[in-house]
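This report concerns only the one structure given below.
Just so you know, these numbers use all the heavy atoms, side chains as well, and skip hydrogens, waters and symmetry mates. A, B, ... follow the sequence lines: proteins, then strands. Residue 1 opens every chain.
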Amino acid sequence: MSLLFEHMAALQVAVPLLSAPVCSLLRGGRQPWFLALAVSWFAFFASISLLIQVLDSGDISYHMGNWAPPFGIEYRVDAINAFVLLIISGISAVALPYARLSVAHEVDPRRHGQFYTAYLLCLTGLLGGTITGDAFNIFVFLEISSLSAYVLVAAGARQDRRALTAAYNYLVLGTVGATFFVIGIGLLYMVTGTLNITDLAERLPPLVDNRAVQAGFAFIIVGMGLKLAMFPMHTWLPNAYTYAPSTVTVFLASTATKVSVYVVLRFLFTVFGPSYGFVGLTFEYIFLPLAILAMFIGSAAAIYQTNLKRLFAYSSVAQLGYMVLGIALGNVAGLTATVLHLFNHALMKGALFMALGCVALRIGAVSINGVRGLGREMPWTFAAIAGAGLSLIGVPSTVGFISKWYLILGALENGWWPVAVLIVASSLLAVIYVWKIIEAAYFGAAPEGRGPVSEAPLEMLAPLWLMVVANFYFGIDADLTTSVAGKVAATFLGGGS
Amino acid sequence: MGAEMITIVNIVLLTMLCFSAVAIMLLRHLFAVAALTGAFSLLSAGLLVALDAVDVAFTEAAVGGGISTVLMLGTLALTQRREHRPPRFSLPALLVVIATGGALIYATSDMPAYGDPNAPALQHVVPVYIEGSRNDIGVPNIVTSILASYRGYDTLGEVAVIFTAGIGVMFLLGRRREDEDDEGMVRHGPGNDPESSEPEETAS
Amino acid sequence: MVHIVGLGASLFGFWLLMSGHFGPLLISLGGASVLLVLYIAHRMDLYDRETFPMHLKGWIFGYWGWLAKEVFKANIDVAKIVLAPSLPISPRVVRVKATQKTDLGMVIFANSITLTPGTVAVDIEGDEIIVHALSQELADGVLNGDMDGRVTALEER
Amino acid sequence: MKHHLILRVVSKLLIPFILLFALYVQFHGDYGPGGGFQAGVLFASAFILYALIFGVDNAREVLPSKALRFLVPVGLIIYALTGFAGIVMGGKFLDYDVLAQDPQHGQHLGILVIEFGVGTTVAAVMVTIFYAYAGRTRDVDDEDW
Amino acid sequence: MFIGATAALLVAMALTLIRAFAGPTLFDRVLAVNSFGTKTVLLIGALGFLTDRPEFLDIALLYALVNFIGTIAVLKFFRYRNLGLSSAESADREEID
Amino acid sequence: MEMILDIASGAFLAAGSFLVLVGTIGMLRLPDFFTRLHAAGITDTLGAELLLIGMMLQAGFSLVTVKLILISLFIFFTSPTATHAVANAARTMGLKPALVSDEDIEATSVRRGSAK
Amino acid sequence: MSTEMALALTLLIPSLGGIAIAWAGRYPNLREAVTLITASVLFAVVISLLQQVADGGAPTLMLIEVLPGLPLMLKVEPLGMLFGCVASGLWIVNSLYSFGYMRGTNETNQTRFYICFAIAIASSMGIAFAGNMFTLFIFYEILTISTYPLVAHKQNAEARSGARLYLGLLIGTSIGFQLVAIIWTWVAAGTLDFTIGGILRDKIDPTMLPILLALYMFGIGKAALMPFHRWLPAAMVAPTPVSALLHAVAVVKAGVFTVLKVVIYIFGIELLSETGASGWLIWVASFTLLAASLVAISKDNLKARLAYSTISQLSYIILGAALASSLGVLGGALHIATHALGKITLFMCAGAIYVATHKTEISDMQGLGRVMPFTFAAFCIGALSIIGLPPFAGSWSKWYLALAAADTGMVLVIAVLMISSLLNVAYLMPVVARGFFRPAPAPQPVGAAVAPGARFGLAEAPLLCVIPPCLTALGCLVLFFYADEVVDLLRPIVG
Amino acid sequence: MLDAILAHYNYWLIIILMMIGLYIVISRGNLVKKIVGLNIFQTSVFLLYITLAKVTGGTAPILTGKPEIFSNPLPHVLILTAIVVGIATTALGFALVVRIRESYGSIEEDDILAAERAEEEIAVKEALS
């Protein structure tokens, strides 16, 4: 057992990685799903134990192949990536019980083995990209997750052919982003000679004025910006989330962009450090306006959507704007907000997309028109949408509120008045699009020709409600999440070089 | 003398690469593009040899000249052989590209010079790899020892990537001629699909 | 069976030539590799006279010598044409009767035609090879039957 | 129907040597350029050549999809299990030092095994992808063709 | 000596590339690319000697192979659009066996 | 001996380079696809082999020579095959050779495909 | 029963009641019994706390610490006690009335109605007993959201758009301004606990105080300060019990209650009067007061008129707060109670008229007083109380306000109060006058089929619609005599 | 001398190549061409890495027993991985193109967008009706 804990960092990724090929060997039926479920739960368990370990006894460094860093690849777990790992594996652990029926409904039964294999690969990639302490290794694992994500998105083609073009666009932009990231890493390597993040952080300070470093910074940020759908580079996201199968949307929306945000944070704060002049300038002159534009344009676009999945996809663009804004604020509160929102947004979008998956299971397409009057026929599902929607708006006692609280705190700390006002103004846009749905579901008349609709099965409702309850629980008792996030933020700003 | 020749070779090859890239951009016959892509890969592989990256050249030739050309041909065979729209100028694209190129050119001014034996990249980790490959691992090919041992974990990821691609292509293109797969894949979305009336299985 | 052993032996020779390392590990890996290749070749149904032309024995080298001479001559001829400012070409498409009995012989003949610049075997129809020639003289070099005869002779020995 | 004659004969001659060349590259990655990945691609290209000349159906008879479906994951599993072997034998993940009596042998063994895994998966994936493309029939004949 | 050969090969490659670009038919391009490949093989050989590391001829060998397969692939795909059309060819094959 | 080898290999290399260049020029100068085939043939056959022989002479008896021989053999087999394949494809797809009299063309009936 | 327990029960009882109502939804009688019992029990619990507060105690219940320094906390103080009593007490009356009204008009979705009502009351209790601004804000938002289904109850296009405006304005202002203000306060003061004398002294630049105050005042959309008053008339599409809830029991009262809380416990009266930061508010409130009254006169729809009346009346309370004197605050606080009683009477009467005759326009009500004498009498009393004539409760609050204005030397404010009282007369009395003194049009209004007392020539609404307004009208009278007790209770808040 | 001038010349050419590749990705409407552009773009990045690894007078990083200067092997390793990622992406991209063609009957972005817009309009109309 001690062996297990000693190698937990490696097992966190290696077990899902091994399980993926095993999954592809399985023959149909429930087996692939069951394997994915077991692995997800193991990963969840591993991430919890890692987080506890980190909080108890400081950073964990695991040397792959027993080669000391910076020569070999190092797994470096500190509070932030333990936290992100927890988000990823937690969402996966909740999403999989939900997945079985939804996937059975939306994906060709003969491809379930491949589907869950791709899912496990995606999980592996996200976990691996998060946990690693090596810049290039991030690229490799993010590409595993991206490639499998393209496949997973394209799996929606059975429902709607637009999944294919969505996946294609995602692929092109994702690859361009990854390549930019690689260029950035190359430039950094060129002048420092190392790929290990800790080592990079040590070797960069004398090179502040080096133009290659600055360009490398820009490339890394733009590359990851593409992957995280930072505002003008978000074009792949809405369609990809809209046409992917429900489970995939749940998983990707809650985790994939989060990991990219994490990578950005890691580079901004651990590797470069906000004390660099150009980093600060980026915050103020690039991140800030882009984040605000994202918040407003994303929300505004969401208001005009008729497809609910796309509506929430656009809302994700806006929410990512909040995370970027938190970074742009550049102080502890802002950063806490970003880290918190990684978690909180995963909770609310996970719940919302799960609920939409339940609706899709019953009525097929999820348009604003289609859900009219469904509130009475699927009370639990729509109550969940309402609950998670409130969280999205940022109503107090939900997680969304906590994030916004810290964001505004951060803005005020900087004395950025208008920003604080804009933050609240943008959450008002969220009221509009969330309420559009509530109103249609509860106060609209059912469209003609729709027969009676039954409530989603318990197997899907239970995970959904777990997420909704979490939305409220962590909104009322935010102590755990905020203390971790606050600790992370403080480390970044204080301890980070 | 040899070294300078290599430099010249580099530049000539690079120029040819640029030329063939432009040709690829301009040509509308996609099979011709495929053929040129093959040439492009061979050229870049040649350049890689000139730059001492033999392993990479090996891979690039096998992958770029071989597999990806074949894949592209396969795609063309299943789609179309001509680009319908004539090449058109795109200002936003140009601006993005210029910004990217500008950033890189900006960066070049502080980069170590080409071939600089004192470049920082050579000083830090690499000597350990060379010695380690000689003594600890005992593998003459340093690239292999880094690839398989020092950074073996990256390579594990790399295999996973390839595996993902395999799973993905199987997922997307499936096997329609397989005996066990006697039913056609469901792949069309609703809507006005012009080919939906075509039989899924085309006997050969 | 002869073919299998012959192919195996030549494959193993190929391995040794390529390898240059003769440690027990690599030799045994080589052996295993050869066996694997033989197995695949068996599955591919490659064991026949085409794959391993043992019956051609050493005579082929004599033919190659002659062919080298022809190729050399033809090269000079074509080079002259290419470099001449007036570009004196008069392309011809001719049919050449091939007298070989086996596919392999036919292939050797056709490839020999292609190898000599100035003539290219464009197609094989029945026992006729359709040849594109750069000029009448070059076409005549094929049409005179010299090469055909030599290849056929190679086959019969 | 003999216009493939030349191609067929020459390919038959070449394919065994290409396959062996691939295996040579696989096992000589330590000494010269090459390794599992390159070998896998080469190995696959031999099959692709075979499929090009003799048709995909014949290629499928030689290397059935079922076998491929098995081989694709197996390479990765071999690699990953090598990693776990490191843990089980008292080292870290992917630690080859502990695989044999002394570190250098361990490293050799480890590299050999993982390269084999890489080669297997890569070759299988490449052939799979090729089958997937080539096995699909075109669905439209338009004026483009 | 090798420098001269290298230079000549480079010039030849550049000219071949022009043909590959100019076409006009696909076959011209394929021919040019094939010829280009051969020259690349030679160039690699020459470069190996130029840098005193001639043991990299494995790469040249690989190139020759890839070049061949690539050419065949272009022609096959262009002629048949896919490779599922093997029934005729299997008949072909049985005829020989 | 060294000297002689050097000179010999130099000569081979020079001749090979020359032929490669000539072939390339031919590919540019000649008027149509079928005639260009012949020019390409120069490069692929004698040009390539001469260059390879030049290299072999430099390398002496070693692994390198063995590999060079293998390469030359490989080119020897594949190059005419590839040329033939291209020519054959062009013909079957209906590409007509330029400057060839009509009766010749008729004698070689087109088998497959329509005019491109 | 410990006080903590009682405090927790004030939240739990209505919540559990809501659940019980949902469970009993299929049996209307049981459902309504549950509602009534819940309301009564709640009132009893609230009253049980009263004595302790009157003795100067401050029962406190710490729920949970959401963020460091930001707990969810309940704490009873006199002002909250008053609001708690008003809300829980009027819930009983309003419930009774609802039974009659909802049955009388055959509304659909009645279970949802009662559930949401219970939740709204629960959140009102939360607002009343909130120990800090953060807790208050949470319940404030819950109140908004739980009343949304009530406003949209009819589910037709009009109801939906009205509800949309209701929700939009309330959520919009609360998140857009109030939340900012709260966070600002927290950043500046490091706490949000309600403290007598305020928490902002020396914590914030005095020049910024008016801005912060503005953020609060406009952020508390429920107080319907112009220009954020539109939601109130829009919400008139709701059934009358809902309007009563909005105007008298919970929503607007929660708004002005919050205003008072902010002024008293966040800013502190002294700080405001020293810095004059609330000077602008006096004029905004006065403007709202007069403008709303004028609009009210122009409305023919009775409920719309009452709605604008509410807007105007709320500004009295805001005015009281803005005057930043202890008398003003007392007056304002007292007005919460008096106006609640008065306005609920008026609304219930309007509803009773609608149930009985389906009439909504004042011009149609000629002569109705003769067939519905109880209703119109109650209406008359309510109106008089609102106008501020003795011996009705409303007179006291206006009295205190006028005193405060005189105290602070705001002569103009006194004038405003006078004018507004005249305007009150102008828009309220015509209803009474029309009902009693104008002859009915020729065809007698057809009363509801079950109208009790029909044989006496009366056409009153069902009993359950008539008794409650009579009760509250009585309350207006009673409160006039017990106003001193209320003021005594409130005294501690002004130190 | 020559080297001094050429200190960064290689880089510049690679950058130009990169720009061409990126331009193809963004500006071409043909889905196959886009992927080809992506390949060119990636290849140029590979070249960038390999160029930075080159050491003048160095040789390929394979130990020969003689003391020698080696080019930097680490970028080679990284690029090997990157090439694999590239081919994986290409394969997937092409597979998607094939499926898109089967579904839409075209691989031109304009046609596909037009088809999608038409579908979208129908959906919106339904929503409004």
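Heavy atoms of Ile15(H) lying under 4.5 Å from chain B belong exclusively to its side chain. Residue Val143(B) touches chain H through both its backbone and its side chain, counting heavy-atom pairs closer than 4.5 Å. Contact of Phe89(B) with chain H is made through backbone and side chain together, with heavy-atom distances under 4.5 Å. With a 4.5 angstrom heavy-atom cutoff, Leu51(B) touches chain H via backbone and side-chain atoms both. At a 4.5 Å heavy-atom cutoff, the contact between Ala50(B) and chain H is made by backbone atoms alone. Neither the backbone nor the side chain of Ala53(H) comes within contact range of chain B; no heavy atoms are under 4.5 Å apart. Of the atoms belonging to Leu27(B), it is backbone heavy atoms, and not side-chain ones, that fall under 4.5 Å from chain H. With a 4.5 Å cut-off on non-hydrogen atoms, Thr43(H) touches chain B through its side chain but not through its backbone. The contact between Val32(H) and chain B is made entirely by side chain atoms (from C-beta outward), counting heavy-atom distances below 4.5 Å. When heavy atoms are compared at a cutoff of 4.5 Å, Thr108(B) approaches chain H by way of both its backbone and its side chain. With a 4.5 angstrom heavy-atom cutoff, Thr155(B) does not touch chain H via any of its atoms. Interface residue Leu30(B): only side-chain heavy atoms are found under 4.5 Å from chain H.
With 3.5 Å as the limit, one finds no donor-acceptor pair spanning the side chains of Tyr9(H) and Asn10(B).
Near-neighbour residues of residues 119-128 of chain B relative to chain H, defined by a heavy atom under 4.5 Å from a heavy atom of that chain, comprise Ala121(B), Leu122(B), Val126(B). Applying a 4.5 Å heavy-atom cutoff, the residues of residues 157-165 of chain B that approach chain H are Glu158(B), Val161(B), Ile162(B), Ala165(B). Within residues 131-139 of chain B, the residues approaching chain H closer than 4.5 Å by heavy atoms are, in numerical order, Ser133(B), Arg134(B), Val139(B).
The choice from Leu74(H), Thr90(H), Ile14(H) that makes the most heavy-atom pairs within less than 4.5 Å of chain B is Leu74(H). Ranking Pro73(H), Ala88(H), Ala91(H) against chain B, the residue ahead of the rest is Pro73(H), based on heavy-atom pairs under 4.5 Å. The greatest number of non-hydrogen atom pairs below 4.5 Å with chain H, out of Leu17(B), Asp154(B), Thr15(B), is found for Leu17(B).
Rounding to the nearest 0.5 angstrom, the gap separating the CG atom in Leu48(B) from the CD1 atom in Ile83(H) is 6.5 Å.
Proximity of a side-chain donor or acceptor of Gln80(B) to a complementary backbone N or O of Arg82(B) within less than 3.5 Å is detected.
Put simply, the side chain of Ile130(B) reaches to within 4.5 Å of the side chain of Leu63(H), judged on heavy atoms.
Applying the side-chain hydrogen bond (donor to acceptor under 3.5 Å, both in side chains) rule to Asp52(B) yields the partners Lys54(H), Ser71(H); only residues at least two apart in sequence or on another chain are considered.
In this structure, Gly37(H) and Val25(H) approach most closely via the heavy-atom pair C-CG2, 3.5 Å.
With respect to the salt-bridge test (charged N to carboxylate O, under 4.0 angstrom), the residues Lys34(H) and Glu109(H) qualify.
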